[in-house]
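Read the numbers this way: they start at 1 and go in the same order the structure lists the ligands and their atoms.
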Amino acid sequence: MTLQQLVAPCGMNCALSQAYQGKGLACRGCGHGGERKACQNCSIRKYENKKTFCFECAKYPCNRLKALDKRYRTKYHMSMLENLAFIQENGLDEFIRQQNERYRCSRCGKLRTVHQDYCLYCAQMDKASR
Ligand SMILES: [Zn+2]
(Lines give C-alpha, C1' and ligand atoms only; values in the text may rest on other atoms or scores of the structure.)
Protein backbone atom coordinates (compact mmCIF):
# COMPACT_ATOMS: atom_id res chain seq x y z
CA MET A 1 0.00 0.00 0.00
CA THR A 2 1.53 3.30 -1.08
CA LEU A 3 1.04 6.65 0.65
CA GLN A 4 -0.88 7.75 -2.43
CA GLN A 5 -3.32 4.89 -1.95
CA LEU A 6 -3.88 5.95 1.63
CA VAL A 7 -5.51 9.21 0.62
CA ALA A 8 -9.22 8.56 0.80
CA PRO A 9 -11.78 9.93 -1.68
CA CYS A 10 -12.90 12.44 0.96
CA GLY A 11 -9.39 13.92 1.19
CA MET A 12 -8.55 12.26 4.47
CA ASN A 13 -4.95 11.12 4.55
CA CYS A 14 -5.39 7.77 6.24
CA ALA A 15 -1.65 7.61 6.92
CA LEU A 16 -2.39 10.26 9.56
CA SER A 17 -5.26 8.33 11.05
CA GLN A 18 -5.00 6.90 14.51
CA ALA A 19 -6.85 3.85 13.30
CA TYR A 20 -4.30 3.25 10.58
CA GLN A 21 -1.20 4.04 12.61
CA GLY A 22 -1.70 1.51 15.27
CA LYS A 23 -3.82 0.41 18.12
CA GLY A 24 -4.77 -2.68 16.17
CA LEU A 25 -7.78 -1.07 14.56
CA ALA A 26 -9.12 -2.23 11.25
CA CYS A 27 -8.45 0.74 8.99
CA ARG A 28 -6.12 -0.02 6.11
CA GLY A 29 -7.02 2.99 4.07
CA CYS A 30 -9.64 3.34 1.39
CA GLY A 31 -7.13 2.74 -1.38
CA HIS A 32 -7.26 3.63 -5.04
CA GLY A 33 -7.55 1.84 -8.28
CA GLY A 34 -8.73 -1.44 -6.95
CA GLU A 35 -10.92 -2.74 -4.28
CA ARG A 36 -11.85 0.14 -2.04
CA LYS A 37 -12.65 -0.76 1.50
CA ALA A 38 -13.75 2.35 3.28
CA CYS A 39 -13.08 2.62 6.95
CA GLN A 40 -15.86 1.29 9.14
CA ASN A 41 -16.13 4.62 10.89
CA CYS A 42 -16.27 6.64 7.71
CA SER A 43 -19.38 8.75 7.43
CA ILE A 44 -19.14 8.90 3.65
CA ARG A 45 -18.47 5.21 3.10
CA LYS A 46 -21.75 4.87 1.27
CA TYR A 47 -20.70 6.97 -1.68
CA GLU A 48 -21.96 5.17 -4.74
CA ASN A 49 -20.16 6.18 -7.87
CA LYS A 50 -16.63 4.93 -7.31
CA LYS A 51 -14.82 8.17 -7.88
CA THR A 52 -11.18 8.45 -7.01
CA PHE A 53 -11.83 11.68 -5.18
CA CYS A 54 -14.99 13.40 -4.01
CA PHE A 55 -14.34 16.43 -6.24
CA GLU A 56 -15.01 14.26 -9.28
CA CYS A 57 -18.58 13.81 -8.13
CA ALA A 58 -21.42 15.99 -9.43
CA LYS A 59 -22.68 16.46 -5.90
CA TYR A 60 -19.34 17.75 -4.59
CA PRO A 61 -19.22 19.04 -1.97
CA CYS A 62 -22.18 17.10 -0.60
CA ASN A 63 -23.63 17.76 2.83
CA ARG A 64 -22.09 14.62 4.23
CA LEU A 65 -18.61 15.73 3.18
CA LYS A 66 -19.22 19.23 4.49
CA ALA A 67 -20.28 17.84 7.86
CA LEU A 68 -17.18 15.62 8.00
CA ASP A 69 -15.00 18.57 7.05
CA LYS A 70 -16.53 20.71 9.79
CA ARG A 71 -15.98 18.01 12.39
CA TYR A 72 -12.34 17.59 11.41
CA ARG A 73 -11.67 21.30 11.26
CA THR A 74 -13.13 21.73 14.73
CA LYS A 75 -11.68 18.70 16.44
CA TYR A 76 -8.48 17.91 14.56
CA HIS A 77 -7.40 21.13 12.83
CA MET A 78 -7.59 19.44 9.46
CA SER A 79 -9.84 20.13 6.49
CA MET A 80 -10.97 17.59 3.93
CA LEU A 81 -12.08 20.33 1.57
CA GLU A 82 -8.73 22.05 1.88
CA ASN A 83 -6.94 18.77 1.22
CA LEU A 84 -9.12 18.06 -1.82
CA ALA A 85 -8.56 21.56 -3.19
CA PHE A 86 -4.83 21.08 -2.78
CA ILE A 87 -4.92 17.72 -4.58
CA GLN A 88 -7.06 19.14 -7.36
CA GLU A 89 -4.64 21.99 -7.86
CA ASN A 90 -1.25 20.37 -7.23
CA GLY A 91 -1.74 16.66 -7.69
CA LEU A 92 -1.52 13.73 -5.33
CA ASP A 93 2.27 13.40 -5.23
CA GLU A 94 2.66 17.03 -4.18
CA PHE A 95 -0.02 16.52 -1.54
CA ILE A 96 1.90 13.59 -0.06
CA ARG A 97 5.03 15.73 0.04
CA GLN A 98 3.20 18.54 1.82
CA GLN A 99 1.65 16.11 4.29
CA ASN A 100 4.96 14.46 5.07
CA GLU A 101 6.47 17.83 5.85
CA ARG A 102 3.55 19.09 7.83
CA TYR A 103 3.01 16.05 10.01
CA ARG A 104 6.48 14.66 10.52
CA CYS A 105 7.31 14.17 14.19
CA SER A 106 10.15 16.44 15.25
CA ARG A 107 11.55 13.77 17.53
CA CYS A 108 11.25 10.38 15.83
CA GLY A 109 10.61 11.45 12.23
CA LYS A 110 7.49 9.33 11.78
CA LEU A 111 4.14 10.68 10.72
CA ARG A 112 2.00 12.05 13.49
CA THR A 113 -1.71 11.34 13.65
CA VAL A 114 -4.24 14.15 13.27
CA HIS A 115 -6.38 12.51 15.92
CA GLN A 116 -4.06 13.10 18.88
CA ASP A 117 -1.82 15.99 19.88
CA TYR A 118 1.05 13.66 20.60
CA CYS A 119 3.04 11.28 18.43
CA LEU A 120 1.70 7.72 18.63
CA TYR A 121 5.19 6.33 18.14
CA CYS A 122 7.27 8.30 20.65
CA ALA A 123 4.64 10.27 22.62
CA GLN A 124 6.28 13.60 21.72
CA MET A 125 3.89 16.53 22.15
CA ASP A 126 4.36 19.15 19.49
CA LYS A 127 1.26 20.80 18.34
CA ALA A 128 3.40 23.73 17.30
CA SER A 129 4.63 21.86 14.23
CA ARG A 130 1.20 22.02 12.57
ZN1 LIG B 1 7.47 10.68 17.26
> Under 30°, 30 to 60°, or over 60°: which ring-plane class applies to Phe86 and Phe95, parallel, tilted or perpendicular?
Replying inline: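 Rings of Phe86 and Phe95: tilted, 30 to 60°.
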>> In terms of relative ring orientation, are Phe53 and Phe55 parallel, tilted or perpendicular, with 30° and 60° separating the classes?
In response: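 Ring orientation of Phe53 relative to Phe55: parallel.
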Which residues share a side chain to side chain donor-acceptor pair (under 3.5 Å) with [X], sequence neighbours left out:
X     : answer
Glu94 : Arg97
Asp69 : Arg73, Ser79
Asp93 : Gln4

> Near the Zn ion (ligand 1), meaning under 2.8 Å, how many protein N/O/S atoms are there?
Replying inline: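 With waters ignored, the protein N/O/S count below 2.8 Å is 4.
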> Are side-chain heavy atoms of Gln18 and Leu120 found at a separation under 4.5 Å?
Replying inline: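 When only atoms from C-beta onward are counted, Leu120 and Gln18 do touch, with a gap below 4.5 Å.
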